[in-house]
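Along the sequence shown, the residues carry numbers beginning at 1. Quick note: numbers below take in every heavy atom, side chains included, and nothing from hydrogens, waters or symmetry partners. In each ligand, atom 1 is the first atom listed, and ligand 1 is the first ligand listed.
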Amino acid sequence: MKVTYHGHSVVTVDTGNHQLIFDPFITGNSLTDLKPEEVKADVILLTHGHSDHVGDTVEIAKRNNSLVVAPNELAVYLGWKGLNVHPMHIGGSHQFDFGKVKLTQAFHGSAYTEEDSQKIVYTGMPAGILLTVEGRTIFHAGDTGLFSDMKLIGELNHIDLAFLPIGDNFTMGPEDAKLAAEWLRAKQVVPVHYSTFPVIEQDPHAFADSLPGGVGKVLEVGESIEFK
Ligand code: NI
Ligand code: MN
């Protein structure tokens, strides 16, 4: 299994049999190496409804006939746009053919912004996503502030790899993300959601260096971690 970072909160997982993508924000993402029209995904996993996470979901899902797994209200909304969706909600898990997904809480907002009509459509609660594939558990925290139940998530799950936001302003900054890393007890922690916009500019290496030896890992855009 190959897990690759594509800037902001975009992460792909290639299992050999399945191609998954988390939060495919590509158009407007100043950091990404992806082109929306080239993305192959049979599964799209969404943490919440903000445009820097839903991103190019509609286009990618229609072209690939992808299954979109998302918190219920967001899934319903995208279902009305003609996508093949699987709604879930916080605390719930489901065994799919590609692996197991469980949604965790995230302290943030969730809304789809329709720029043309200046309308905000609220899409329920935001979430984090625990994905277990081939015996490995990946935690994509979504956008969130620090919360102490990360200790519980760390106790209940053996997290091999966690993607944690460090950008500050909208999410945890590096200091809170350092505590999150400790509480989640993840074997490896990769910082995300930074430096895409000026207001979330951060030094990911300073964050990675602040974690105990070997835990922090900065992935450059397009760089992968492979699990054998
Ligand atoms: Ni957000
Ligand atoms: Mn965001």
Side-chain angles (χ1 to χ4, degrees), residues 4-12 20-34 36 39 41 44-60 68-78 81 87-90 101 103-115 118-131 138-147 149-150 153 162-177 180-181 184 189-204 207 218-219 221:
T4 311
Y5 180 56
H6 299 283
H8 204 59
S9 294
V10 186
V11 173
T12 55
L20 289 66
I21 187 165
F22 285 95
D23 288 356
F25 166 54
I26 298 165
T27 303
N29 181 340
S30 61
L31 302 176
T32 197
D33 59 330
L34 297 178
V39 172
I44 300 174
L45 300 156
L46 298 179
T47 59
H48 65 293
H50 287 158
S51 57
D52 61 318
H53 296 262
V54 175
D56 301 272
T57 292
V58 172
E59 194 272 313
I60 295 168
V68 179
V69 179
N72 180 66
E73 291 80 0
L74 177 58
V76 168
Y77 180 75
L78 293 172
K81 289 193 179 286
M88 294 184 69
H89 234 311
I90 295 165
V101 174
L103 297 194
T104 71
Q105 72 189 61
F107 278 101
H108 192 64
S110 184
Y112 197 89
T113 310
E114 300 190 331
E115 301 279 346
Q118 297 193 354
K119 240 172 48 187
I120 290 179
V121 179
Y122 274 89
T123 47
M125 297 282 282
I129 299 176
L130 285 159
L131 169 69
I138 298 164
F139 180 53
H140 189 300
D143 281 359
T144 186
L146 183 67
F147 57 90
D149 272 358
M150 285 178 178
I153 296 171
F163 291 94
L164 302 182
I166 65 157
D168 218 340
N169 194 76
F170 298 110
T171 67
M172 297 188 282
E175 282 179 24
D176 285 357
L184 290 164
V189 171
V190 173
V192 299
H193 210 272
Y194 62 87
S195 302
T196 327
F197 322 115
V199 75
I200 59 170
E201 198 71 43
Q202 295 293 342
D203 177 355
F207 167 72
V218 176
L219 286 182
V221 170

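- Checking His53 against the Mn ion (ligand 2), an N/O/S atom falls under the 2.8 Å cut-off.
- Residue His53: no N/O/S atom is found under 2.8 Å from the Ni ion (ligand 1).
- The Ni ion (ligand 1) is closest to atom ND1 of His50 (considering only N, O or S atoms).
- If you put the vertex on the Mn ion (ligand 2), OD2 of Asp52 and OD2 of Asp143 sit 170° apart, to the nearest 10°.
- Here Asp143 meets the criterion, with an N, O or S atom under 2.8 Å of the Ni ion (ligand 1).
- With respect to Phe25, the ring-ring contact (aromatic ring centres under 6.0 Å, His included) criterion is satisfied by exactly one of His6, His53, His8: His8.
- Between the Mn ion (ligand 2) and His193 there is an N/O/S contact shorter than 2.8 Å.
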* To do: Would you sort out whether Asp149 and Phe107 count as a side-chain contact (heavy atoms from CB on, under 4.5 Å), showing the intermediate values?
  => CA-CA 11 Å; Asp149 272 358; Phe107 278 101; over 6 Å; no

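- Of the possible donor and acceptor atoms, none in the side chain of Asp33 sits under 3.5 Å from a partner among the backbone N and O of Val221.
- When the N, O or S atoms of His48 are ranked by distance to the Ni ion (ligand 1), NE2 comes first.
- Annotation for Leu45 and Val101: closest pair CD2-CG2, 4.1 Å, computed over non-hydrogen atoms.
- Checked by atom type, the side-chain pair Asp143/His50 shows no donor-acceptor distance below 3.5 Å.
- Side-chain N or O atoms of Ser195 include one that pairs as donor or acceptor with a backbone N or O of Gln202 at under 3.5 Å.
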